[in-house]
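So you know, we letter chains A, B, ... as the sequences are listed, proteins then strands, and number each from 1.
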There are 2 protein chains.
Amino acid sequence: MKLDERHLIQLAAVVNAGGVSEGAELLGMTQPAVSRTLAILEKRLGEALFVKGRRPLRPTPFGRALADHGQAMLLSSRKASELVDNFREGRTGAVRVAGTQFFMDGLVSNLIADFHVARPDVRVIQSYGYMEELQSAIRADRVDLAICPVDVLDGDDLEFRSILPGRNVVACRVTHPLLMKRKLRGSEVLDYPWIAPPLNSPLQADMRALLLSFGSTGVSVPYVGGSLASAINYLKRTDALTILPHGVVFAYRKEREITALPLRVPHPERALGILKLAGSPQSPAIAAFTDFIIKGFGSLADLIKRHEQSVVWKA
Amino acid sequence: MKLDERHLIQLAAVVNAGGVSEGAELLGMTQPAVSRTLAILEKRLGEALFVKGRRPLRPTPFGRALADHGQAMLLSSRKASELVDNFREGRTGAVRVAGTQFFMDGLVSNLIADFHVARPDVRVIQSYGYMEELQSAIRADRVDLAICPVDVLDGDDLEFRSILPGRNVVACRVTHPLLMKRKLRGSEVLDYPWIAPPLNSPLQADMRALLLSFGSTGVSVPYVGGSLASAINYLKRTDALTILPHGVVFAYRKEREITALPLRVPHPERALGILKLAGSPQSPAIAAFTDFIIKGFGSLADLIKRHEQSVVWKA
DNA sequence: GAGCTTCATACCAGATTGCTATATTATCTG
DNA sequence: CAGATAATATAGCAATCTGGTATGAAGCTC
């Protein structure tokens, strides 16, 4: 016999609370409503659920057995409600974020860690890619948002929000000989080996432009294609140089192992930003994550600005 | 956020079955009904439950999580339905049965065992008592039915159904000397010690009447008050006699340890029967049990009748 | 792209919900 | 044991919701 789940839940509440009024209160309902439900249930079942005529309301064995199942449903229902609430406030859910390797590894991963302090139950699913791939990933709904440098955006279905000026620096270890010089000329960087960023990376082009501006005639590039962790490990142990986003080098300043040469590097035309589907409704968790990323980069930008005033950059 | 339990159940069914139509079928509903439920759910939650535009219907992670809770409710609901069905068909429930010691121990307990072959999940709660106690126990709803000898019934709120003629016999062990006699005179029973039934038992009065009819002048009664098991154990080991309901002795015939003397004993005015509240609705389990008892005693009566034709009773 | 299957929508009759107001019943108290 | 008190049951009502049929829209298969 099929019976209404809500009825069983009400029964459970009444049995638990020890009275119709209390049970109703427990459910946020009025007593008559619950009372009628019980009457209907008893009528349909043709069987008493409570010993009648006794005031401290006592369920029959049958009533109690039924109430047990109702209780299970009540608990499930509560949990479902909680799940929904958590989800709606972005405490639960999943964010699929993608981006270029160096930014994801150097900056975003830190922010994700911070994000999880407040929202540990939001799953972050990270992947890597460059502009075109990222765009198509977003359009195909394989990714919720991308964090990457963008110059031109084709199509108006995507929305780009800039979060950090596109600025690169020449990175080296803190004990690098060039840092000792009183006067550093740009061309001197050509005397050291260079690490090249991964193929297809926008940094690849940036590095070429940089070296050309210093009059490159064939620099030594003994290491290519490693991701950020590899590049940094290599930097730490050699006098090699490489090009990195300023923010990334900045984020590593605490470890006092790598730093940037005080050299002005030509600005690329791109800014780092967040790319997402324009105007599509997004889950609260994604919104919260996006927000957090924006704020995080905002304060990073502030930090960099303040830090900048104490450093003299040479041309 | 409060949401309708039924909706979650439908969601679970759809996720499980892998399609709206299949889910609807699973629940015995039509596809449009379920489809609308899902639409309502998504609208209220403001969140997709299924990735739209894909035909092998695939739930979003959120949808799946919600469906899990729905699944729990679905299971509970199924179990509740089953419970109700079992109950309504008397496969589940409880029967509170009371009766006089000798009948309960000697006959009814066997029937209960047989009853449980077909309905192992019906709990039988047995208690003992004599007429007055049994009547008030039934009226106070402490007992569902009583099995006892009844002569007069006061009040018409109780219903009595006779199930066995009220007939007693003189019981003894199968090796009793009196059984060897070709011609047994009633007065000879006075030469042996007698076991007296418990105080207040109707058998008490029956025994007194019996002994008087044989011209009692002070029989030896060395053992009083034991219940059936005690009396039978005692009988087995001595040449004592006692009065027992015929059916009880008959039930023990298979063990070939006690039997009845071929003596006619004056019939008491009572018949063994089932006593219950008149016209009150009773649970299916109780109905089934009552039925079983009636049938059980019916075939016992038949057996006794057939057996009787092969025994010669003396006066 | 035709045909098939599956899902979504529109509309309707009937059931159910929850409410307020009120009657009924059980328990407690003197 | 009557009267006070608290709890439960009942009645009536408006709004919602239910599930059904009929039908349109959209994916999949070949």
Exercise for review: Please report the C-alpha distance between B:Ser21 and B:Gln31 in whole Å, then the side-chain angles of each, then the deciding distance to 0.1 Å, and finally whether the side-chain hydrogen bond (donor to acceptor under 3.5 Å, both in side chains) criterion is met.
Suggested key: CA-CA 5 Å; B:Ser21 311; B:Gln31 169 268 320; 5.3 Å; no
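If you run side-chain contact (heavy atoms from CB on, under 4.5 Å) between B:Val150 and each of B:Gln135, B:Arg270, B:Met131, only B:Met131 comes through.
Here the P atom of nucleotide C:dT6 and the CG atom of B:Leu38 are 16 Å apart, to the nearest Å. Whole-Å rounding puts the A:Glu22 CD to D:dA7 P distance at 6 Å. Counting to the nearest Å, the P atom of D:dC17 and the NZ atom of B:Lys43 are 11 Å from each other. Going from atom CG of A:Leu57 over to atom P of C:dT27 covers 11 Å, rounded to whole Å. Rounded to an integer number of Å, the gap from B:Glu25 CD to C:dT5 P is 15 Å. Between A:Glu42 atom CD and D:dT8 atom C1' the separation is 12 Å, expressed in whole Å. Rounded to an integer number of Å, the gap from CG of B:Leu41 to C1' of D:dT18 is 14 Å. Rounded to a whole Å, the CD1 atom of B:Ile9 is 16 Å from the C1' atom of D:dC17.
Across all strands shown, B:Ser35 has heavy atoms under 4.0 Å from base atoms, whether or not it also approaches the sugar-phosphate.
For the atom pair CG of B:Asn16 and CD of B:Gln71, the computed distance is 4.0 Å after rounding to the nearest 0.5 Å.
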Study note, to complete from the structure: Readout for nucleotides 16-22 of chain C: B = base within 4.0 Å of protein heavy atom, S = sugar-phosphate only, - = neither; 5' to 3' it is SBBSBB-
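Within 6.0 Å of the CD atom in B:Glu25, the count of heavy atoms belonging to other residues, nucleotides or ligands does not exceed 12. Heavy atoms from other residues, nucleotides or ligands lying under 6.0 Å from NZ of B:Lys2 number more than 12. Remark: A:Arg139 CZ is packed, more than 12 non-hydrogen atoms of other residues, nucleotides or ligands lying under 6.0 Å away.
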